[in-house]
Amino acid sequence: MKHAPSRHRRGSSMVEAAIIFPVLLYMVFGCVDFGQFLYIKHTMQGAAREGARAGSTPNTTNADVTTAVGNSMRAAGYLPAKYTVKIRNAADTADISVAQSAGTPILVRVESTWSTVGVGTCRVLGLPLISPTKVVFGATTMRKEG
């Protein structure tokens, strides 16, 4: 035989739900934010790899590298205003010279801030998990071919 719940326990499940629901919601949106962060980081890493690959071939310039990065980022839906491209060689200059010798390392770094590229679903709720100033980047180094 079932007993009816006592009078003082009737609202306890509503109170428990009211306490747990915001925590659960925050966890779900946090997972979405971190998933998007990893997707963007992976996209930038791939774009940096494409740029480094373009820069490693003989007779390439910074424009060739920037074009390769731009094509990769555009395919993922990111406009050039949302990220920056840094190109360096072993001498730490920002110019990839056609006359560089084979074996010279070429570093390509694609970066942006989280507030520029991320939606930040938790930020919309007023509880940012990832700082808006967090730098999201991808970097790749390849040697110049001969």
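Residue indices begin at 1 and follow the sequence shown. Any value given below was found using the heavy atoms of this structure, including those in side chains, with hydrogens, waters and symmetry copies removed.
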So which heavy atom on [X] is nearest to which on [Y], and how close?
X	Y	value
Pro22	Ala17	CD-O, 4.4 Å
Lys82	Ser112	O-OG, 2.6 Å
Thr43	Ala76	CG2-CB, 3.4 Å
Gly138	Ala48	O-CB, 3.5 Å

(request) Examine Leu38 and Met27 and state if one hydrophobic cluster contains both, with Ile, Leu, Val, Met, Phe, Trp and Tyr joined whenever side-chain heavy atoms are less than 4.5 Å apart. (result) no

(request) Look at the side-chain heavy atoms of Ile, Leu, Val, Met, Phe, Trp and Tyr, link any pair under 4.5 Å apart, and say whether Tyr39 and Phe37 land in one connected group. (result) yes

Rounded distance [0.5 Å steps], [atom1] in [X] versus [atom2] in [Y]:
X	Y	atom1	atom2	result
Phe137	Arg109	CZ	CZ	4.5 Å
Arg88	Asn62	CZ	CG	9.5 Å
Glu145	Thr104	CD	OG1	12.0 Å
Thr141	Leu107	OG1	CG	4.0 Å
Tyr26	Leu129	OH	CG	3.5 Å
Ile106	Thr60	CD1	OG1	7.0 Å

(request) Give the intermediate values and the outcome of side chain to side chain contact (heavy atoms under 4.5 Å, CB included) for residues Val117 and Tyr78. (result) CA-CA 8 Å; Val117 292; Tyr78 295 101; 4.3 Å; yes

(message) Could you tell me if Ser115 and Lys134 have a donor-acceptor pair between their side chains, going purely by distance under 3.5 Å?
(response) no

(message) Test side chain to side chain contact (heavy atoms under 4.5 Å, CB included) on Ile40 and Val136; report intermediate values, then the result.
(response) CA-CA 8 Å; Ile40 293 169; Val136 185; 3.8 Å; yes

Compare all side-chain heavy atoms of [X] with those of [Y] and state whether any distance is below 4.5 angstrom.
X	Y	answer
Val23	Ile19	no
Asn71	Glu50	no
Trp114	Thr133	no
Val85	Ile87	yes
Tyr83	Pro80	yes
Met142	Arg49	yes

(request) Using modelled atom types only, decide if a donor and an acceptor are shared between the side chain of Thr113 and the backbone of Val135 within a distance under 3.5 Å. (result) no

(message) Set out, in order, the CA-CA distance, both residues' side-chain angles and the distance that settles side chain to side chain contact (heavy atoms under 4.5 Å, CB included) for Val69 and Val108, then state yes or no.
(response) CA-CA 9 Å; Val69 169; Val108 178; 4.1 Å; yes

(message) Check Lys41 with Glu111, please: is the shortest side-chain N to carboxylate O separation under 4.0 Å?
(response) no

(message) Assess the residue pair Ser56 and Lys144 against the criterion (side chain to side chain contact (heavy atoms under 4.5 Å, CB included)); give the C-alpha distance rounded to whole Å, side-chain angles, the decisive distance to 0.1 Å, and a yes or no.
(response) CA-CA 4 Å; Ser56 70; Lys144 188 83 167 173; 5.6 Å; no

